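Let me begin by presenting the structure, written as structure tokens, before commenting on it.
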Amino acid sequence: MKKLNKIVSAALVGTMACSLVACASPDGSGSTTTPTTGGETTVGGTTNDPEVSVVPTDITKPDTIKVMWDGTIFKEGDNYAEEFYAALDEALGLHIEWVRPDHSTYAEQVGIAFTDKSTLADVVILPSNYYASYAAQGNLWDMTAAWENSETANSGRLSSVAPQIIEGWKVAGPDGNTGIYGMYPARGNGCVTYIKANSAIAAGYTEDTLPSNWEEYKQFLLDVKAATGNAPVLAAGLITTEAPYTNYLPEFYQDAYPEFYQNANGEWVDGFTEQAMIDALERIAWGYATGVIDAQILEGPSTSDVRNKFYEYDTKTSVFTYWAGTWAYTIKSNLLKAVPDGTSDEDKEAAGLCWALEPIQELGNYTERLSPMICITSACENPWGVFTYFIDKILDGGEVQMLFQYGVEGVHYEWNEDHTKINGLATQSTAGTEKESKTSKNLFEANLKIGNFSGVDPYTPADAVIDESFNLFNEHSVAAPKINSSDVYNEYQATLWTEKKELISQVAQGTITAQEAIDKYNEECGAIVTAILASFNQ
């Protein structure tokens, strides 16, 4: 790393020089001007004007659209996904060719896909931390004009929070101008901390006496560990690499943010170098040393591994921070499934009870993540057609929105007698298994949608805990900081994150102190950080 520090300045000169000659491609990469069969209508000035809106007078409907998607919608063989695919094709009047990499390696597969434009999909859903960089590199089509002139944007059905969400879609393109390079039909949602009621009660707590500040939280974790004999807290790693990064251990990180963000003065800073991060690392070190954080966290367990451990009836873990809303019901359902046969009804009901913890005082609010983004790639030959006949339809307020939100009638849900509400039907979440569960959602939850239905909203929660969880989050949440991008950042982002994760692990294990970790980071990565901040603040 020290050698890298010596050569980083020279490398950055070359990187910046390359960025100066980058320009928008006429095939739709970073340009709102796209060849169509019927010409264009320009509104608001010349095509060099960043405020320009260029709308084709005739948009060709594609026969087939190639779409690369992760595991956030029904996948082949699971949840009767084939019925969803067929119904969607019929509703859209075209064929969707799905590319479905494994969910756990999706981000890696996206990166590989963008290396070959000849096989790249027309549409790709991107993790939020990829979105800004892919837009800046010219890999995505600027859909600003398409969105602003879309049926959805002008429908009058957008929710009160939609303007704030849409503002978060805006990032810099390859020309440096801000635009919309992707959309998502729902809010990002976020995590709340779930506590097994049985464990808390065994430790002498009630729902009304749960901890409200850090000192109380520390004592609570020690008490639960003593009562259950197990470390109460487990998460999918000490930190994640997707914004907001700290959402699985919020009480430990509190106001620390381990990435670049724009402070109250409008200046970009590196949150990993701040005192708040040192304090957070000291809390993590305490948690690991006292055994209230499960040692398995150092192995970077998958989210499914963590969930399964939390579901275990013998209370392997008791505190689990995970998504608000429908996941509250999923957690409850799986806790109940783990109860042994012959357990009394009273004990079984207690075993399925989880309490959602209001954010402790020092945390203040849970963080709402940045949504993944549905983007049209620069390889798409008919971006206007793809946007109009696929992306814009996702929030059509009717048939297509029902498919994306709930699935297929008679397969994933059914209407009640007066056709005003729906109830989920049991489907197999994993092909070939005997276990079935009621379908609560497909792509996005009812509580998170940013576009309302044209008629009656058919939403009926599968369980009251869904709304209780989401309402708590909604009342106590703030949006994650906006992500920025530059050539310099894209070049060294992975290097910085490798260093951060290693240092956090060393602090947790007591190999180095929190202050020593930040000092080492500044010494070994300081030149990179300085260059990135210069590119952000220029």
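Quick caveat, the model's predicted, so the values are computed rather than measured.
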Is Y492 close to V529 at the side-chain level, that is, under 4.5 Å between some pair of heavy atoms? no

Verify the distance criterion only: is there a donor paired with an acceptor across the side chains of N442 and Y413 at less than 3.5 Å? no

Search all heavy atoms of L120 against all heavy atoms of A113 and return the closest pair with its distance. CD1-O, 3.6 Å

Exercise: identify the closest heavy-atom pair between N189 and E368: N-OE2, 3.1 Å

Does the side chain of F252 come within less than 4.5 Å of L238's, by heavy atoms? no

Indicate yes or no: at least one non-hydrogen side-chain atom of T246 is less than 4.5 angstrom from one of T367. no

Spacing of E491 atom CD and I532 atom CD1 [to the nearest 0.5 Å]: 10.0 Å

Ignoring hydrogens and geometry, is there a side-chain-to-backbone donor-acceptor pair from N452 to R157 under 3.5 Å? yes

My understanding is that only one of W98, F114, Y106 makes a side-chain contact (heavy atoms from CB on, under 4.5 Å) with M68; could you say which? Y106

Residue that, paired with W141, satisfies ring-ring contact (aromatic ring centres under 6.0 Å, His included) out of W147, W384, Y181, Y134: W384

Can you find a side-chain donor-acceptor pair between Q493 and S133 that sits under 3.5 Å? no

May I ask you to decide if K170's main-chain N or O and K482's side chain share a donor-acceptor pair within less than 3.5 Å? yes

So do T273 and Y521 actually touch side chain to side chain, heavy atoms under 4.5 Å? yes

Taking atom types as modelled, is there a side-chain donor on N247 or T321 under 3.5 Å from an acceptor on the other? no

Does D70 offer a backbone N or O that forms a donor-acceptor pair with the side chain of K75 under 3.5 Å? no

What about the rings of F444 and F404, do their centers lie closer together than 6.0 Å? no

Residues D78 and R100 bridged, charged N to O under 4.0 Å: no

S304 side chain to S302 side chain, donor-acceptor N/O pair below 3.5 angstrom: yes

Can the ring centroids of F536 and Y489 be said to lie less than 6.0 angstrom from one another? yes

Should the pair F310 and F320 be assigned to parallel (<30°), tilted (30 to 60°) or perpendicular (>60°) ring geometry? tilted

Pair T303-Y248, side-chain donor/acceptor within less than 3.5 Å: no

Trace of the side chain to side chain contact (heavy atoms under 4.5 Å, CB included) decision for L370 with Y131: CA-CA 10 Å; L370 303 172; Y131 173 57; over 6 Å; no

Would a 4.5 Å heavy-atom cut-off, applied to side chains only, mark T439 and F74 as touching? yes

So do K117 and S378 actually touch side chain to side chain, heavy atoms under 4.5 Å? yes

Does the pair I239 and Y253 meet the rule for a side chain to side chain contact (heavy atoms under 4.5 Å, CB included), with working shown? CA-CA 10 Å; I239 198 164; Y253 281 101; 3.6 Å; yes

Does either side chain, that of N447 or that of E445, offer a donor lying less than 3.5 Å from an acceptor on the other one? no

Would a 4.5 Å heavy-atom cut-off, applied to side chains only, mark L94 and I65 as touching? yes

Distance-only, no hydrogens or angles: does the K449 side chain make a donor-acceptor pair with backbone N or O of S159 under 3.5 Å? no

Quick one: pull up CD1 in I394 and CG in L443 and give me the separation to the nearest 0.5 Å. 7.0 Å

Here the pair of heavy atoms bringing L403 nearest to A91 is CD1-CB, 4.0 Å

Between atom CE of M373 and atom CG of L126, what is the distance when rounded to the nearest 0.5 Å? 9.0 Å

Can you tell if the side chain of R283 reaches within under 4.5 Å of the side chain of Y217, non-hydrogen atoms only? no

Against I96, only a single residue in V123, D122, D89 fulfils side-chain contact (heavy atoms from CB on, under 4.5 Å); can you say which? D89

Tell me whether the count of non-hydrogen atoms from other residues, nucleotides or ligands lying under 6.0 Å of CD in E151 goes above 12. no

Just how far is it from atom CE of M143 to atom OG1 of T388, taken to the nearest 0.5 Å? 10.5 Å

Check: K309/Q296 side-chain N/O donor and acceptor closer than 3.5 Å: yes

Might you point out which heavy atoms bring F272 and I518 nearest each other, and give the distance in Å? O-CD1, 3.3 Å

Walk me through whether K500 and E259 qualify under side chain to side chain contact (heavy atoms under 4.5 Å, CB included). CA-CA 10 Å; K500 290 174 188 177; E259 248 290 3; 4.1 Å; yes

Kindly give the heavy-atom pair with the smallest separation between A243 and R369, and that separation in Å. O-CB, 3.7 Å

Looking at I483 and W268, what are the two nearest heavy atoms and their distance? C-CH2, 4.4 Å

Determine whether a donor-acceptor pair (N or O, by modelled atom type, separation under 3.5 Å) exists between the side chain of S505 and the backbone of K501. no

So, taking the atom named CZ in F390 and the one named CG in L92, what distance separates them when rounded to the nearest 0.5 Å? 7.0 Å

